[in-house]
Colleague: 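Okay, handing you the structure first.
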Amino acid sequence: MSRGARRAGAGQGAAAAVQLLVSLSFLPRVVEAQVVGVLDDCLCDITSIDNFNTYKIFPKIKQLQERDYFRYYKVNLNRPCPFWAEDGHCSIKDCHVEPCPESKIPFGIKAGPSNKYLKVANNTKELQDCEQANKLGAINNTLSNQSKEAFIDWARYDDSQDHFCELDDERSPAAQYVDLLLNPERYTGYKGSSAWRVWNSIYEENCFKPRSVYRPLNPLAPSRGEDDGESFYTWLEGLCLEKRVFYKLISGLHASINLHLCANYLLEETWGKPSWGHNIKEFKRRFDPVETKGEGPRRLKNLYFLYLIELRALSKVAPYFERSIVDLYTGNVEDDADTKSLLLSIFQDTKSFPMHFDEKSMFAGNKKGAKSLKEEFRLHFKNISRIMDCVGCDKCRLWGKLQTQGLGTALKILFSEKEIQKLPENSPSKGFQLTRQEIVALLNAFGRLSTSIRELQNFKVLLQHSR
């Protein structure tokens with residue numbers, strides 16, 4: 001080969017190397033470019049959410065989740081699957097959930113003060129009502145007798161029509177307290193036919209989809225036929241707002257859970273000491289626009305949409321907690337006051353966000369049709385909460401139930417505006433109520449979304465460094 005040819009070849013090689021470096025450095029920006037701009041069905045942009053979450057919400061919600069009132073969650077992980085015989089399991093020992101001994105639970109959470117209802121201690125029916133009231137864990141022993149009686153009435157009130165979730169019976173012997181800080185959500189190896197069946201049932205049987213659409217809604221399922229890509233989203237945009245919202249909520253929840261698993265992945269296990277951390281390869285498999293054929297960025301946008309929905313719910317429910325009667329009661333007066341102060345600070349931040357989702361745009365048509373659609377919406381979501389009892393991995397089931405219940409509680413709040421506005425200042429309300437279980441699920445579920453968005457920023461940085 002001549003010297004000139006070698007020079008030309010070297011020049012071409014250098015040019016190719018430069019082009020390769022340019023292409024590789026461009027890839028992270030491609031990911032970012034796919035997840036920016038204004039979200040569909042609302043007037044909020046993603047950059048504003050990122051900044052708001054990073055600088056205002058995430059540090060405070062992380063602190064709140066460490067407070068005793070919010071770290072202990074009572075759940076029944078032994079409820080049988082109501083739809084099929086569950087045979088799934090995880091592939092690593094870390095999917096096990098360690099229940100918290102009763103002795104470790106703050107007495108104000110597990111039982112409330114022993115002298116709270118002494119005057120009715122010998123009346124079985126009233127005692128049962130008191131036990132139901134106790135489990136709410138939101139009222140301390142400084143209440144007047146009149147308020148206590150009102151609280152018992154509150155416990156009797158049947159608000160099942162407002163529930164978007166199938167709630168665990170906290171009085172069941174199978175229900176146990178779990179310390180969420182000691183049982184973090186992370187990769188468990190739970191996959192295969194069992195996991196596929198859960199998500200397939202959620203997407204295909206409970207999201208609103210006509211039979212004329214052949215493309216599976218389940219992102220884990222292979223595409224069928226030619227109804228793929230943009231044609232699917234053209235159909236989705238043709239749905240009414242409420243049905244589009246439903247799909248985006250489920251997709252956003254799925255994306256959030258996947259982000260948690262990618263960010264807290266089992267990287268290696270040596271000498272019995274597992275190493276957990278960010279798995280860039282797994283993140284790309286689930287969200288990269290090329291590897292997911294454009295699906296990944298859409299899933300992440302749905303995560304932001306879900307964040308907005310739960311953020312709006314927190315801003316709407318603030319008056320419920322701002323009342324002096326509400327005390328996040330664990331039995332430690334000083335800690336309880338600090339916890340409520342931190343919670344109210346978070347609520348103030350949520351109310352200051354300038355681009356909230358407008359829930360009034362939903363179920364706003366013909367009254368009869370809107371009522372029917374809202375009930376259908378509620379029942380579909382309630383069914384999804386029941387599917388969580390079909391998850392074969394204990395840790396996945398724990399966090400699936402908590403996040404589903406948190407979203408269900410957020411939906412309950414969004415569609416209870418009139419009842420919240422009528423809340424009495426110094427006595428419990430019969431028209432709107434939240435159990436302690438719902439409160440803990442609501443704030444922890446939003447904390448998970450806040451963490452997801454923060455981890456997404458971390459992955460963007462890691463992708464840039466990996467190039």
Side-chain angles (χ1 to χ4, degrees), residues 18-42 44-51 53-54 187 191 195-196 199 203 207 213-239 244-245 247-265 277-308 449 451-467:
V18 169
Q19 182 61 42
L20 177 61
L21 287 173
V22 170
S23 299
L24 289 175
S25 65
F26 182 67
L27 279 174
R29 294 200 295 274
V30 170
V31 175
E32 291 184 32
Q34 296 283 343
V35 194
V36 294
V38 177
L39 294 172
D40 297 333
D41 293 321
C42 55
C44 185
D45 66 282
I46 285 174
T47 301
S48 295
I49 298 175
D50 283 338
N51 291 335
N53 182 67
T54 298
Y187 175 79
K191 54 189 176 182
W196 181 89
W199 283 111
Y203 280 107
C207 287
V213 176
Y214 297 105
R215 180 188 186 277
L217 297 183
N218 183 358
L220 301 178
S223 298
R224 297 192 299 267
E226 299 179 356
D227 186 15
D228 203 355
E230 292 306 314
S231 61
F232 167 73
Y233 289 98
T234 300
W235 160 79
L236 184 64
E237 291 306 310
L239 287 177
R244 285 201 309 274
V245 166
Y247 172 78
K248 288 179 180 181
L249 295 181
I250 300 306
S251 174
L253 179 61
H254 197 179
S256 181
I257 291 171
N258 282 335
L259 257 170
H260 304 154
L261 306 186
C262 294
N264 210 349
Y265 202 91
H278 295 81
N279 188 322
I280 298 176
K281 183 178 179 181
E282 189 67 19
F283 174 83
K284 290 177 63 179
R285 187 178 74 81
R286 295 173 187 264
F287 298 111
D288 182 83
V290 176
E291 293 197 28
T292 62
K293 298 180 180 179
E295 286 288 325
R298 294 184 188 274
R299 297 169 190 167
L300 293 174
K301 283 190 173 183
N302 290 336
L303 161 65
Y304 280 93
F305 184 81
L306 173 59
Y307 180 93
L308 277 185
L449 296 178
T451 300
S452 292
I453 289 178
R454 188 70 191 91
E455 290 292 4
L456 182 55
Q457 312 314 308
N458 292 335
F459 272 112
K460 287 179 181 178
V461 173
L462 290 171
L463 281 168
Q464 290 173 339
H465 288 309
S466 72
R467 306 303 178 186

Colleague: Determine whether a donor-acceptor pair (N or O, by modelled atom type, separation under 3.5 Å) exists between the side chain of T54 and the backbone of D50.
Modeller: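 Yes, T54 side chain to D50 backbone: donor-acceptor pair under 3.5 Å.
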
Colleague: Is the shortest heavy-atom distance from the side chain of Y307 to the side chain of L39 under 4.5 Å?
Modeller: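 No, their side chains stay 4.5 Å or more apart.
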
Colleague: Of all the heavy-atom pairs spanning D45 and S48, show the shortest one and how long it is.
Modeller: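 In this case the closest contact between D45 and S48 is OD1-OG, 2.7 Å.
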
Colleague: Testing the basics here: between A263 and E455, what is the closest heavy-atom pair and its distance to 0.1 Å?
Modeller: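 Of all heavy-atom pairs spanning A263 and E455, the closest is CB-CD, 3.6 Å.
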
Colleague: Tell me the closest heavy-atom pair linking G252 and L306, and the distance in Å.
Modeller: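 Closest approach of G252 to L306, heavy atoms only: C-CD2, 3.7 Å.
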
Colleague: Would you say the side chain of L463 lies within less than 4.5 Å of the side chain of F283, judging by non-hydrogen atoms?
Modeller: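 With C-beta onward as the side chain, the pair touches.
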
Colleague: What's the shortest heavy-atom distance between S251 and R299, and which atoms?
Modeller: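 Scanning both residues completely, I find the closest heavy atoms to be OG-CA, 4.1 Å.
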
Colleague: Any pair with a residue in residues 254-263 that passes salt bridge (charged side-chain N to carboxylate O under 4.0 Å, His left out), sequence neighbours left out, goes on the list, sorted by first then second residue, please.
Modeller: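 Those involving residues 254-263 do not exist here.
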
Colleague: Sequence neighbours left out, what passes ring pair (Phe, Tyr, Trp, His ring centres under 6.0 Å) with Y265? Give chain and number order.
Modeller: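 Y265: ring pair (Phe, Tyr, Trp, His ring centres under 6.0 Å) contacts with Y187.
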
Colleague: Hey, does T292 have a side-chain heavy atom less than 4.5 Å from the side chain of P297?
Modeller: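 A side-chain contact under 4.5 Å exists here.
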
Colleague: Are R298 and E295 ion-paired here, with the side-chain N under 4.0 Å from a carboxylate O?
Modeller: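 Here R298 does not pair with E295 in a salt bridge, since their nearest N and O are not under 4.0 Å apart.
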
Colleague: May I ask you to decide if I453's main-chain N or O and Q457's side chain share a donor-acceptor pair within less than 3.5 Å?
Modeller: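 Side chain of Q457 to backbone of I453, a donor-acceptor pair under 3.5 Å: yes, one is there.
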
Colleague: Please report the interatomic distance OG(S256) to CG(N302), rounded to the nearest 0.5 Å.
Modeller: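 CG of N302 is found 12.0 Å from OG of S256.
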
Colleague: How many angstroms lie between CG in L308 and NZ in K248, if you round to the nearest 0.5 Å?
Modeller: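 Atom-to-atom, L308:CG and K248:NZ are 11.0 Å apart.
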
Colleague: Are any of the side-chain heavy atoms of N53 and L449 separated by less than 4.5 Å?
Modeller: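 The answer is no; the side chains never approach within 4.5 Å.
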
Colleague: Considering non-hydrogen atoms only, spot the tightest contact between L303 and L259 and give its length.
Modeller: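 Looking at all heavy atoms of both residues, the closest pair is CD2-CD1, 3.6 Å.
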
Colleague: Please list, chain by chain and in numerical order, all residues satisfying ring pair (Phe, Tyr, Trp, His ring centres under 6.0 Å) with Y304, sequence neighbours excluded.
Modeller: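 With sequence neighbours excluded, Y304 shows a ring pair (Phe, Tyr, Trp, His ring centres under 6.0 Å) to no residue whatsoever.
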
Colleague: Could you go step by step and tell me if I46 and L300 meet the side chain to side chain contact (heavy atoms under 4.5 Å, CB included) rule?
Modeller: CA-CA 10 Å; I46 285 174; L300 293 174; over 6 Å; no

Colleague: Taking the six-membered ring for Trp and the full ring for Phe, Tyr or His, determine whether the centres of F459 and H278 are under 6.0 Å apart.
Modeller: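 Yes, the ring of F459 comes within the 6.0 Å limit of the ring of H278, centre to centre.
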
Colleague: Which pair of non-hydrogen atoms, one from N258 and one from R286, has the smallest distance, and what is that distance?
Modeller: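 Here N258 and R286 meet closest at OD1-NH1, 2.6 Å.
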
Colleague: To the nearest 0.5 Å, tell me how far C262 SG sits from L462 CG.
Modeller: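 Here the rounded value is 11.5 Å.
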
